[in-house]
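Single-structure report; data block below.
Residue numbers start at 1 and run along the sequence shown. Here the structure is a predicted model, which is why all the values come from computation and not from measurement.
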Amino acid sequence: MRSFDELLKESSTLHGHHCAGQILGVRMAMVGCREVGIDEPRGCKKLIVYAEIDRCATDAVQAVTGCSLGKRTLKFLDYGKMAVTFVNTDTRQAVRVLAKDDARNLVPLYVHDAANSRDAQKQAYRIMPEAALFAVKPVAVEVSAQEMPGYRGKRVQCAECGEGINFNREVDIAGRTLCIPCSQEELRSNGHANGAKTTNPKVLLIVGYKKVGKTTLIEKLIPELSSRGYRVDTVKHHHSDFPVAVDAVGTDTWRHRQAGAATVALATPTDIATFRDGASSLSLDQIISALGEADIFLVEGFHEEPRAKIEVLSDRYDERLCVADTHLLAVVGRTASDEAVPGFGPDSIKPLVDLIEKKILGRLFTGAKNESAVASQSETYSYSFRN
Ligand SMILES: [Zn+2]
Ligand SMILES: [Zn+2]
């Protein structure tokens with residue numbers, strides 16, 4: 001590998017200016033290449049880097065390694081983290097280099113006579129020991145065939161906008177092949193547009209007859225989705241006309257509502273419950289809008305809503321709740337070979353969540369949001385960290 005000064009000069013030229021990010025990025029790239037056993041990254045065809053931020057340092061990594069988006073050797077994961085993962089596709093060695101947040105606070109320990117804080121940072125990042133600047137961790141990264149630079153896949157057409165889609169980025173929604181933006185639009189407009197949040201709530205209905213295991217399935221989906229980094233909110237459709245027990249007649253919250261409060265929050269040291277009137281007249285979209293900013297809402301019930309849904313089946317019932325429903329993604333429980341949608345056993349939670357990630361959450365890379373996630377078995381998913 002060429003000298004630090006030489007690499008820094010080149011990266012500053014490519015980047016357009018000389019900044020602390022260039023120093024950090026050059027050092028980061030040198031560490032990453034060394035750790036995966038690549039002495040001269042330029043022109044070597046076995047290095048792939050995953051950058052988790054679009055900032056100055058990313059340009060430096062590109063300059064040093066020669067990896068780029070256009071060559072498909074630089075992958076951008078929009079996580080907003082100052083980290084880059086270096087993968088030697090030959091040896092499968094991979095290392096994630098994270099720039100430590102507190103490095104900036106250590107600058108005064110190394111530089112005392114700089115003209116300003118920016119100069120101090122630049123001087124310090126040159127001389128600070130590697131361990132003070134970076135956390136370096138070996139990771140397991142599976143780069144699938146379709147993520148490799150030379151991959152030639154078939155191009156398909158989006159059924160909505162007609163544009164061509166490469167590299168298996170299409171999403172299948174209710175039997176239609178869509179590009180990612182159109183699939184997100186489709187999921188958004190599947191509900192009633194009025195009163196919906198401007199963001200794009202991802203909603204999955206868990207439907208089925210009474211006592212077939214809907215709640216049990218939700219209990220299993222929540223920890224699996226959470227472990228993959230998603231915040232999950234739930235909605236439970238309750239058929240009773242009576243107030244639920246926690247807000248029963250005579251309680252203080254009930255009295256607040258009787259007095260005319262639109263919404264009452266019951267706050268305990270550990271929980272907050274809110275009660276409001278008129279839930280029966282609210283649409284599912286309005287109910288979801290009133291909840292937090294979850295990545296996905298699991299809704300038990302509301303099977304008539306034109307939303308993505310999973311039907312839970314059991315031997316207790318022969319007939320089906322969702323017959324010829326184009327929003328049905330999968331069935332869980334008893335499965336028949338004539339199903340038009342995939343069937344899963346009640347404990348096949350990981351493959352089911354893989355499907356939910358692809359169809360609802362539009363994620364191409366399962367598990368990458370959470371470093372401890374286990375790699376997916378599915379060939380479509382390509383990138384994951386394992387400790
Ligand atoms: Zn810069
Ligand atoms: Zn499209």
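When all heavy atoms of Ala29 and Thr65 are compared, the pair lying nearest together is CB-CG2, 4.2 Å. Among all heavy-atom pairs drawn from Gly345 and Val332, the shortest one is O-CG1, 4.1 Å. In plain terms, the two heavy atoms of Ala60 and Val26 that are nearest each other are CB-N, 3.6 Å. Closest approach of Glu311 and Leu321 over heavy atoms only: OE2-N, 2.8 Å. Nearest heavy atom pair, residue Leu329 against residue Pro342, reads O-CD, 3.3 Å. Residues Cys33 and Met1 approach most closely at CB-CE, 3.6 Å, considering heavy atoms.
The structure places OG1 of Thr58 at 10.0 Å from CG of Leu69, a figure rounded to the nearest 0.5 Å. Taking CZ from Phe86 and CE from Met30, the interatomic distance works out to 11.5 Å, rounded to the nearest 0.5 Å. Rounding to the nearest 0.5 Å gives a distance of 12.0 Å between CG of Leu205 and NZ of Lys214. Asp354 CG to Ile349 CD1: the interatomic distance, rounded to the nearest 0.5 Å, is 11.5 Å. Rounded to the nearest 0.5 Å, atoms CE (Met148) and NZ (Lys45) are 11.5 Å apart. Atom CG in Leu225 sits 12.0 Å away from atom NZ in Lys202 (nearest 0.5 Å).
Sorted by first and then second residue, the salt bridge (charged side-chain N to carboxylate O under 4.0 Å, His left out) pairs with a member in residues 53-74 read Arg72-Glu147; sequence neighbours excluded. Residue pairs meeting the salt bridge (charged side-chain N to carboxylate O under 4.0 Å, His left out) criterion with at least one partner in residues 10-28, sequence neighbours excluded, are Arg2-Glu10, Glu10-Arg42. Pairs passing the side-chain hydrogen bond (donor to acceptor under 3.5 Å, both in side chains) check and including a residue from residues 108-122, sequence neighbours excluded, read Gln121-Tyr125. The ring pair (Phe, Tyr, Trp, His ring centres under 6.0 Å) pairs that include a residue from residues 4-32 are His15-His17, where partners are two or more places apart or lie in different chains. Among residues at least two apart or in separate chains, there is no side-chain hydrogen bond (donor to acceptor under 3.5 Å, both in side chains) pair with a member in residues 97-108.
The main-chain N or O of Gly162 is found under 3.5 Å from a side-chain atom of Gln157 such that the two form a donor-acceptor pair. A distance-only check finds no donor-acceptor pair linking the side chain of Glu160 to the backbone of Cys182 [under 3.5 Å]. Using a distance-only test at 3.5 Å, with no hydrogens or angles considered, a donor-acceptor pair links the side chain of Asp295 to the main chain of Arg231. In this structure a side-chain-to-backbone donor-acceptor pair under 3.5 Å is missing from Thr177 to Cys158.
Every residue two or more places apart in sequence or in another chain that forms a side-chain contact (heavy atoms from CB on, under 4.5 Å) with Leu98 is listed here: Ala83, Arg96, Ala135. Residues satisfying the salt bridge (charged side-chain N to carboxylate O under 4.0 Å, His left out) criterion with Glu130, sequence neighbours excluded, are Arg34. Under the rule for a ring pair (Phe, Tyr, Trp, His ring centres under 6.0 Å), Tyr151 has no partner lying at least two apart in sequence or in another chain. Residues meeting the ring pair (Phe, Tyr, Trp, His ring centres under 6.0 Å) test with Phe302, sequence neighbours left out: His237. Under the side-chain contact (heavy atoms from CB on, under 4.5 Å) criterion, Asn166 pairs with Arg155, not counting sequence neighbours. Considering only residues two or more places apart in sequence or on other chains, Phe167 meets the ring pair (Phe, Tyr, Trp, His ring centres under 6.0 Å) condition with none of them. Listed by chain and residue number, nothing satisfies the side chain to side chain donor-acceptor pair (under 3.5 Å) test with Glu35 (two or more places apart in sequence, or in another chain).
Residues Val331 and Arg320 form a side-chain contact, since some pair of their non-hydrogen atoms from C-beta on lies under 4.5 Å apart. At a threshold of 4.5 Å between non-hydrogen side-chain atoms, the residues Arg126 and Leu8 count as touching. Using a 4.5 Å heavy-atom threshold, the side chains of Leu221 and Val232 count as separate. Here the side chains of Ile180 and Val171 are in contact, with some heavy-atom distance below 4.5 Å. When side chains are defined from C-beta on, Leu328 counts as touching Lys309, because their heavy atoms get closer than 4.5 Å. Between Val87 and Val36, the closest side-chain pair of non-hydrogen atoms is not below 4.5 Å. Counting heavy atoms from C-beta on, the side chains of Leu217 and Leu352 come closer than 4.5 Å. In this structure, the side chains of Leu355 and Phe344 come closer than 4.5 Å at one or more pairs of heavy atoms.
Under the 4.5 Å side-chain heavy-atom criterion for ILVMFWY residues, no single connected hydrophobic cluster contains both Leu47 and Val143. At a threshold of 4.5 Å between side-chain heavy atoms, the hydrophobic network of Ile, Leu, Val, Met, Phe, Trp and Tyr places Ile53 and Leu133 in one connected group. At a threshold of 4.5 Å between side-chain heavy atoms, the hydrophobic network of Ile, Leu, Val, Met, Phe, Trp and Tyr places Val49 and Val139 in two separate groups. Following chains of ILVMFWY side-chain contacts shorter than 4.5 Å, one cannot reach Val156 starting from Leu178, and the two form parts of different hydrophobic clusters. A chain of hydrophobic side-chain contacts below 4.5 Å, direct or via other Ile, Leu, Val, Met, Phe, Trp or Tyr residues, connects Val353 to Val312.
Annotation for Lys236: atom NZ counts as buried by contact number, over 12 foreign heavy atoms lying within 6.0 Å. The environment of Glu6 atom CD is dense: over 12 non-hydrogen atoms of other residues, nucleotides or ligands sit within 6.0 angstrom.
If you check the side chains of Thr234 and Glu300, you find no donor sitting under 3.5 Å from an acceptor. For the residue pair Gln22/Ser11, the side-chain donor-acceptor check at 3.5 Å is satisfied.
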Run the side chain to side chain contact (heavy atoms under 4.5 Å, CB included) check on Met82 and Leu24 step by step: do they pass? CA-CA 10 Å; Met82 201 65 167; Leu24 207 59; 3.8 Å; yes
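Ion pairing between a basic and an acidic side chain is recognised when a charged N comes within 4.0 Å of a carboxylate O; Asp347 and Lys220 show such pairing.
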